[in-house]
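To start, the structure itself, in structure tokens.
The structure presented is a predicted model; accordingly, all values stated were derived computationally and were not measured.
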Amino acid sequence: MPHDTLDLLGDGSLGLRVQPQLRGAAEAWIYPLPDPAGAPPRALIELSPGDPPEPPAGPLTLRGSHVAGWVEGGHAVLAGGLVGGTVDLGA
């Protein structure tokens, strides 16, 4: 399935890879920036459909306007309403 990649920081260091049908939902959460010279992002978050993960029982590590996050070991769990995901911090 094809994906779109949105630049999250404006310098190509972090991108969001999203399936086209989820692009509108992603853009409601982030402010996409122009692709820097067409270079692929050095780090990538992938957004795909599915059930959000269960948030850990421990204390929050971060809180954004629409999302909460917990960091445990080499992974982060992000949750916000009906969406969420895990991030491999070692990748």
Side-chain angles (χ1 to χ4, degrees):
M1 175 172 282
H3 289 82
D4 295 335
T5 301
L6 308 172
D7 184 40
L8 295 178
L9 300 178
D11 64 359
S13 62
L14 181 62
L16 176 67
R17 186 173 150 175
V18 59
Q19 293 178 6
Q21 72 269 25
L22 298 175
R23 185 177 180 131
E27 288 178 338
W29 279 52
I30 56 123
Y31 182 77
L33 300 168
D35 187 16
R42 294 187 298 268
L44 195 60
I45 298 171
E46 186 167 343
L47 179 65
S48 57
D51 293 330
E54 191 67 31
L60 282 174
T61 305
L62 64 93
R63 179 178 297 279
S65 60
H66 300 295
V67 67
W70 297 260
V71 176
E72 295 183 341
H75 288 84
V77 175
L78 304 174
L82 299 175
V83 298
T86 58
V87 179
D88 181 353
L89 300 174

If you measure from CG on D7 to CG on L14, what distance do you get to the nearest 0.5 Å?
8.0 Å
From D4 atom CG to L22 atom CG, the distance as rounded to the nearest 0.5 Å:
10.0 Å
Shortest non-hydrogen contact between L16 and A26, atoms and distance:
CD2-CB, 3.8 Å
Treating T61 as the side-chain partner and V71 as the backbone partner, does any N or O pair qualify as donor plus acceptor under 3.5 Å?
yes
Residues which pass side-chain contact (heavy atoms from CB on, under 4.5 Å) with L60, listed by chain and number, not counting sequence neighbours:
R63, A68, W70
